[in-house]
Chemist: 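Handing you a structure now.
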Amino acid sequence: MKKELAKAYVPQENENDIYRLWESSGFFNPDNAPLPKTAQTYTIILPPPNITAKLHIGHSAMLAIEDLLIRYKRMNGYRTLWLPGTDHAAIATQMVVEKKIFEETGQTRHDLGKEILLEKIWEFLRNTQSEILGQMRKLGASLDWSREAFTLDQARQKAVNRLFVEMYQEGAIYRGERIVNWCPHCQSTLADDEVEYSEQTTKLYTFKYAPDFPITISTTRPETKLGDTAVAVNPKDERYQKYLGQEFSFDFVGQKLTIKIIGDRNVDPDFGTGALGVTPAHSMVDWQMAQENDLAVIKVINEQGLIREGFGNYSGLSVKDAREKLIAELKEKGLLISEEEVIHNISTCYRCDTPIEPLPSKQWFVSVDCPLERLGGKSLKEKALAVAQEGTLKFIPERFNKRYQDWMSNLHDWCISRQIWFGHPIPVWYRGAEIYCDLKAPEGEGWVQDVDTLDTWFSSGMWTFSTLGWPDNYRDGKKFGDLANFHPTQVLETGYEILTLWVSRMVMMSMFALGETPFESVYLHGTILDKHGKKMSKSKGNGVDPLVAINEYGADALRLSLLMGSTPGNDSRYSADKVEAKRNFINKLWNIARYILAQPGVAECQLNSDPEPKTIADRWILAELSITISEVRKRLDNFEFSLAAEILTEFTRDKLADWYLEIAKIEGGKTEILNYLLLAILRLWHPFIPFVTEKIWQSFQTGVLMIEQWPTFNLAVDEQAKSTFTFWRDLIVAIRNSRSANKIAPGVQLEALVFSVNNQKDIALGAELITKLKTGLSSLTFVNEDPKPENAITVVVQDTIFYLLAAIDPEKEAARITKEREVLEKLIFNLSERLANQEFVSRAPAKIVDQEKEKLAAYQLELNKLKETIL
RNA sequence: GGUUAUUUAGCUCAGCUGGUUAGAGCGCUGCGUUCACAUCGCAGAGGUCAGUGGUUCAAGUCCACUAAUAACCACCA
């Protein structure tokens, strides 16, 4: 069974085969797990990537973290489900495809028509989708492909329709005329959080509507003033108090306006003239004021961004042209008082950067404040807030709980209808004034289905349960099948930037559909920035293709570099150097395995119980292993992935490879322990770097490592072995160090005299280690009295002195010793001070005080020895 | 304007509920290596933990303020 391992690990030659091996084993699917029926489940639903483009490095980080959690839990006996899928990303996808077609053929969607455009979109979608799924496999993601889902496939379509209808029937969804964010380019509404802001300089015009109107107003959007129905002033503003409540009618550039003077606290008396022209139809705040003051709403701009009919010469003009014409007219009539440049935050579409036109429109909304019967009279908002407040829903890191709650409490009704072609149709039909909402089209003539589609977040908000078979798996308030087994899921792992966009919606929709949270914990990872700390973006061209990194360094190296050196909720920088460093470490691990497996009998060794330690080094390494296992477990259970990997690295390289394996070369006869140690580190490392560990496993074991038991803590920590071994190790390090300081090359062999005050130490072990372990000592003589030889290098650790007999520069050596003495003296001084402090002795825990006392004694002993040796 | 973070070695970052001489990777310096690994080993240099004040027997760690940086939210007539 044993196969020779190559000198260096070549990921490119192995990863694809290993992935196939895993896939064909069937163990990605929890139904195939060799576990008792009662085994606990552990579920993560993969946040579905948009099918607009292939995956970027941020997705790789997400996959690395989730696969780590999944593999770790799978190896710990959980029935583990990680469910893959992709998101149709309605607007985003349609825009990408439209742009692509326009670039290739110059055609717009209106040239093509709905059917052909949709066909093209599906074609595009199938390409990127398979590319994305291929990328996930490349990274080693142990996803259950048998349950793969898409936000716009048939099963999800069914779920979306069903939830829409249920929410409509409960009154959680309504149709209403509201002012919405309208993108004239996308020809669609946008949710509040799909709007972005950017600073621009624009002109602020100050003018009067008419010569006999008493108040001057300022605006950056004169063209909308055709629809003004009021002027708002601060009620405390003395200049205008006398006008409050009055109404004025006059002619404004050929348009009859009736303006009421209203008071509103939000008007800043110091901005402009302190008076604000209220345009209810084209400004969010003005809409609010109109509602409160019962003002008329006059629509000026239409969905194409043109001035509507009924505004004389202005009708049909674009916003820009209308503005110029209007300003010219005001100038001519002497009504324009001033124009100045101001810096202004304008709202733009997050997809196409077109400035947003707020306009009133008939749209579908999810009501977040309406009390719902099935939520016990609570609203969606209240329910979603409560789970965060009560701690039913945990956030990692915790601070995002506050952000979630802040955002939730300010949430307004969510506009869910979009005027695009690609997406879930709305299950609503109209006949004149009649409205019909159900799963199927109504009987009878003349019914027309709503032409809009649903916001993409509506379907992704249902992701945790629509993927697990809702609504079929949910009857009379009871869950069945996958839904019963795997919902609520354990962790949602995603980027903090969609905490509000997505996480909050998932909570609301799951609370509505199932009355439970969609997940127990939300783990939020940071953004991966480029080497210079800048956001990666297509336009800047600083993005990193994960496949390039994988091809160069291997998937394991990429995963490990993304997992280490980053903490939840904090951004981290990507650089190829980091990946290379991890590649090097993985190769180190490979060679550790290669060496161990090359020892006779190790690969064939069948160990049924924990191995019997024979020497102090054995006892030491098993103690270290034991500590490592429990520490790593603790860190992983706590979502501290970086720390867990660090602890493992330290054990693997600094303890196992650098010390134990070197000693094993001297001592020999370690077949069982080496076998045991190798099996342990392969299992410990597997969730982090699955490919290389599985590859090594396959070279000498049967079955797949993926479903092996992750090591459990079953060895008591041998404190005595640990301290004895550490003593000798420190001594050897000190010898190497002093040789290096005295510029004695490692090849030069030296003799040494050893004097130890306390011969309780395992002298035989020390002698063997010191002569054989690269210390460059050819012989070692133990003496009963301190010989104090001249012209020797002196090394002291605790109570033991080594004199390395060599021709050295006495001044240099004296300087080295003096420096060491100074360090010790300073330590001793500090410790004595502390121990002399009564308050410390009486108030600090006894354990700490004892520790300090022991330390002080050890340093003093060491210092005394050092002093004796110098003349 | 509000909120939340960040500030630790030349660079990129760890450092959990306060308690060994503050760590890692990369880079740098010196030495080395046919015997698992140059995708390597050994040793070293390099830090008043942003600043000020406070709490405490004890502060990189907790609190307050200041400064710089970033993200998010709100307003924008």
Side-chain angles (χ1 to χ4, degrees), chain A residues 5 7-9 193 197 204 217-221 224 231-232 266-268 271-279 283 285-286 342-347 397 399-400 402-403 406-407 410 496-497 499-500 526-527 531 533 553 557 561 564-567 569-575 577-578 580-599 634-635 638 640 642-643 646 649-650 657-658 661-662 665 733 736-741 743-747 774-775 823-824 826-827 830-831 834 837-845 847-849 851-852 854-855 859:
Chain A
L5 297 180
K7 191 167 174 177
Y9 174 61
D193 33 38
Y197 298 89
L204 179 71
I217 58 164
S218 298
T219 183
T220 54
R221 300 211 51 194
T224 64
V231 162
N266 295 318
V267 177
D268 174 4
F271 187 93
T273 62
L276 152 67
V278 180
T279 321
S283 156
V285 263
D286 294 9
V342 289
I343 295 172
H344 183 67
N345 247 347
I346 69 156
S347 46
R399 65 183 136 96
F400 285 99
K402 184 175 161 32
R403 191 188 283 189
D406 286 349
W407 189 82
N410 293 321
Y496 62 76
E497 74 278 0
L499 175 71
T500 49
T527 309
K531 209 179 158 170
Y553 302 109
S561 73
M564 291 184 79
S566 63
T567 41
N570 293 327
D571 295 349
S572 61
R573 301 184 187 195
Y574 173 89
S575 78
D577 293 353
K578 286 186 194 173
E580 190 181 339
K582 300 310 166 203
R583 189 269 316 260
N584 294 352
F585 173 74
I586 286 163
N587 189 60
K588 178 84 184 173
L589 177 67
W590 173 263
N591 272 290
I592 290 167
R594 191 160 82 97
Y595 171 75
I596 290 176
L597 290 174
Q599 305 312 301
K634 200 167 103 193
R635 303 306 182 176
N638 226 6
E640 296 172 298
S642 187
L643 273 179
E646 232 173 86
T649 307
E650 201 189 325
D658 292 350
L661 290 187
E662 294 309 319
K665 286 176 189 171
V733 170
R736 285 176 183 164
N737 168 357
S738 53
R739 283 182 60 120
S740 173
K743 300 220 180 293
I744 296 181
K774 291 181 184 168
T775 50
V823 171
L824 276 173
K826 198 179 150 205
L827 286 173
N830 288 345
L831 275 176
R834 197 174 310 167
N837 185 337
Q838 270 313 306
E839 279 193 286
F840 171 71
V841 177
S842 57
R843 303 187 64 162
K847 197 180 134 198
I848 301 287
V849 178
Q851 246 177 43
E852 302 286 60
E854 274 171 41
K855 258 163 32 190
Y859 292 147

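Only heavy atoms go into these numbers, but all of them, side chains included; no hydrogens, no water, no symmetry mates. Below, chains carry the letters A, B, ... as their sequence lines are ordered, and counting in each starts from 1.
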Chemist: Checking side-chain polar atoms at under 3.5 Å, does A/R834 have a donor or acceptor matched by the opposite partner on A/N837?
Modeler: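 Absent: no donor and acceptor within the cut-off.
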
Chemist: Report the base-pairing partner of B/C49 (Watson-Crick or G-U wobble, both distances below 3.5 angstrom), or none.
Modeler: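 Its partner: none found.
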
Chemist: Going 5' to 3' through nucleotides 40-46 of chain B, assign each nucleotide B (protein heavy atom under 4.0 Å from a base atom), S (under 4.0 Å only from sugar-phosphate atoms) or - (no protein heavy atom that close).
Modeler: SSSSS--

Chemist: Applying salt bridge (charged side-chain N to carboxylate O under 4.0 Å, His left out), can you list everything that pairs with A/K7, at least two apart in sequence or on another chain?
Modeler: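 Scan of A/K7 (salt bridge (charged side-chain N to carboxylate O under 4.0 Å, His left out), adjacent residues dropped) gives none.
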
Chemist: Can you name the residues that form a ring-ring contact (aromatic ring centres under 6.0 Å, His included) with A/Y859, not counting sequence neighbours?
Modeler: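 Per chain and number, A/Y859 pairs via ring-ring contact (aromatic ring centres under 6.0 Å, His included) with no residue.
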
Chemist: Mind checking A/K582 for me? I need base, sugar-phosphate or nothing, with any heavy atom below 4.0 Å counting as a touch.
Modeler: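 A/K582: no heavy atom of the nucleic acid under 4.0 Å.
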
Chemist: Under 4.0 angstrom, heavy atoms only, what part of the nucleic acid is A/Y574 near: base, sugar-phosphate, or nothing?
Modeler: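 No contact at all - A/Y574 keeps every heavy atom at 4.0 Å or more from the nucleic acid.
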
Chemist: Considering only the P atoms, how many Å lie between B/G18 and B/C57, rounded to the nearest integer?
Modeler: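 It comes out at 15 Å once rounded to the nearest Å.
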
Chemist: Tell me, please, which residues at least two apart from A/K826 pass salt bridge (charged side-chain N to carboxylate O under 4.0 Å, His left out).
Modeler: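 Per chain and number, A/K826 pairs via salt bridge (charged side-chain N to carboxylate O under 4.0 Å, His left out) with no residue.
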
Chemist: Tabulate protein N/O versus nucleotide N/O from nucleotides 14-19 of chain B, keeping only pairs under 3.5 Å, one per line.
Modeler:
{"residue": "B/A14", "atom": "OP1", "partner": "A/T567", "partner atom": "OG1", "Å": "2.8"}
{"residue": "B/A14", "atom": "O2'", "partner": "A/E646", "partner atom": "OE2", "Å": "3.4"}
{"residue": "B/C16", "atom": "O2", "partner": "A/R635", "partner atom": "NH1", "Å": "2.4"}
{"residue": "B/C16", "atom": "O2", "partner": "A/R635", "partner atom": "NH2", "Å": "3.3"}
{"residue": "B/C16", "atom": "N3", "partner": "A/R635", "partner atom": "NH2", "Å": "3.3"}

Chemist: Which residues pass the ring-ring contact (aromatic ring centres under 6.0 Å, His included) test with A/Y9, not counting sequence neighbours?
Modeler: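 Once residues adjacent in sequence are excluded, the partners of A/Y9 under the ring-ring contact (aromatic ring centres under 6.0 Å, His included) criterion are A/W590.
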
Chemist: Quick one: look up who B/U7 pairs with, Watson-Crick or G-U, both distances under 3.5 Å, and put none if it's unpaired.
Modeler: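 B/A67 is the nucleotide pairing with B/U7.
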
